[in-house]
Amino acid sequence: IKDPDRGPWIYKDGTLSIRIDLMTSGRAKYLRAEIRTRGPLPAGGFAYQDPTGRKRALPYLVARQNKAIFAITADFVAHRGNDKGVMIRQGKVYHDKKKAPTLAVLPDGELKAYEPGKVTARQLQAMGVKDSFAFGPILVSGGKVHKSARSHPLRSGNRRSSIGMVEKGHYICIVALGGFTLEGLARLYVQNKCTVAYNLDGGYSASMVFMGEQLFRAGYNEDF
């Protein structure tokens, strides 16, 4: 790490490499993580270890509990008020709903986004999916900005947590401090040559964790 407060933050072993950079777009700052893997994705998609799916924990504590090298906030399993899609964590189905788009992690590392109601937990499990997320909207599909990025109710500027795939084994994650519209975020993923990208639960909880340390948490750590 050149600067512990500003990065870049780098990890590399025989099968996984991660580089995180603090970047700017206009006046807005964001963390961009580029992840490359050989073979299937490492184990991930963890949730706080609670059978009811109702308890909560800070992101860095969940990451430490699971000995994660890297983590971002995804969807909000325990929240009962927002629209749900299909939420699976390490094979356990928490929600099997049709109101939100779903992002599935296939066994070969492909990220696949589904429109609301287009896939069920049973179908995903039959494909070998162990982890899926439901928040949205879909930002990029087929390498182009998805229409929902322009029309979604949460499209105005906000703090963001998100993930995209360039190809299998090559991923981009962006956690933004603020000021990003959904369309602006989608365009960042297109610029990074992502074929698919998906908006996760951002706002006040948006976080990125590296080696057990929370690099950025909107609302608490805005001193970049």
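Treat the numbers as computed from the prediction; the structure is a model and nothing was measured.
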Kindly compute the distance separating [atom1] ([X]) from [atom2] ([Y]), expressed to the nearest 0.5 Å.
X	Y	atom1	atom2	answer
Ile18	Arg36	CD1	CZ	12.5 Å
Ser161	Ile72	OG	CD1	4.0 Å
Leu215	Leu22	CG	CG	9.5 Å
Thr73	Arg159	OG1	CZ	12.0 Å
Leu58	Arg64	CG	CZ	10.0 Å
Thr37	Asp13	OG1	CG	10.5 Å

Backbone of [Y] reached by a side-chain donor or acceptor of [X] within 3.5 Å:
X	Y	value
Asp96	Ala121	yes
Asp108	Glu110	yes
Thr195	Gly142	no
Tyr198	Gly136	yes
Tyr11	Phe210	no

Shortest non-hydrogen contact between [X] and [Y], atoms and distance:
X	Y	answer
Ala33	Ile20	CB-CG1, 3.8 Å
Cys173	Ile35	SG-CD1, 4.0 Å
Gly109	Met165	O-SD, 4.1 Å
Val145	Ala186	CG1-CB, 3.9 Å
Leu124	Val119	CD2-CG2, 3.5 Å
Pro137	Pro101	CA-CG, 4.1 Å

ask   = Looking just at side-chain N and O atoms, do Ser162 and Tyr189 make a donor-acceptor pair shorter than 3.5 Å?
value =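 Per modelled atom types, Ser162 and Tyr189 side chains form a pair under 3.5 Å.
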
May I ask you to test the [X]-[Y] pair for a side-chain heavy-atom distance under 4.5 Å?
X	Y	answer
Leu188	Phe180	yes
Ile174	Leu31	no
Tyr60	Glu213	no
Gln214	Met208	no
Lys97	Asp83	no
Tyr30	Ser25	yes
Leu103	Tyr114	no
Leu182	Arg150	no

Intermediate values then yes/no, side-chain contact (heavy atoms from CB on, under 4.5 Å), Lys130 and Gln90 = CA-CA 5 Å; Lys130 300 294 184 183; Gln90 294 170 296; 5.7 Å; no

inquiry  = Going by the rule side chain to side chain donor-acceptor pair (under 3.5 Å), which residues pair with Thr102 if we only count those two or more places apart in sequence or in a different chain?
reply    = none

With sequence neighbours excluded, residues passing side chain to side chain donor-acceptor pair (under 3.5 Å) with Ser148 = His146

ask   = Got a sec: does the CZ of Arg122 have more than 12 other heavy atoms crowding it under 6.0 Å?
value =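 Atom CZ in Arg122 is not crowded, with 12 or fewer foreign heavy atoms closer than 6.0 Å.
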
query = Is any side-chain N of the basic residue among Asp131 and Arg89 closer than 4.0 Å to the acidic one's carboxylate O?
reply = no

message = Between the side chains of Arg19 and Glu34, is the shortest nitrogen-to-carboxylate-oxygen separation below 4.0 Å, so that they form an ion pair?
response =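 Salt bridge flag = no for Arg19 with Glu34.
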
key: Verdict with reasoning, Met87 to Val93, per side-chain contact (heavy atoms from CB on, under 4.5 Å)   = CA-CA 6 Å; Met87 295 182 179; Val93 178; over 6 Å; no

key: Worked verdict on Glu115 versus Lys98 for salt bridge (Lys or Arg N to Asp or Glu O under 4.0 Å)   = CA-CA 9 Å; Glu115 300 281 1; Lys98 300 180 179 180; over 6 Å; no

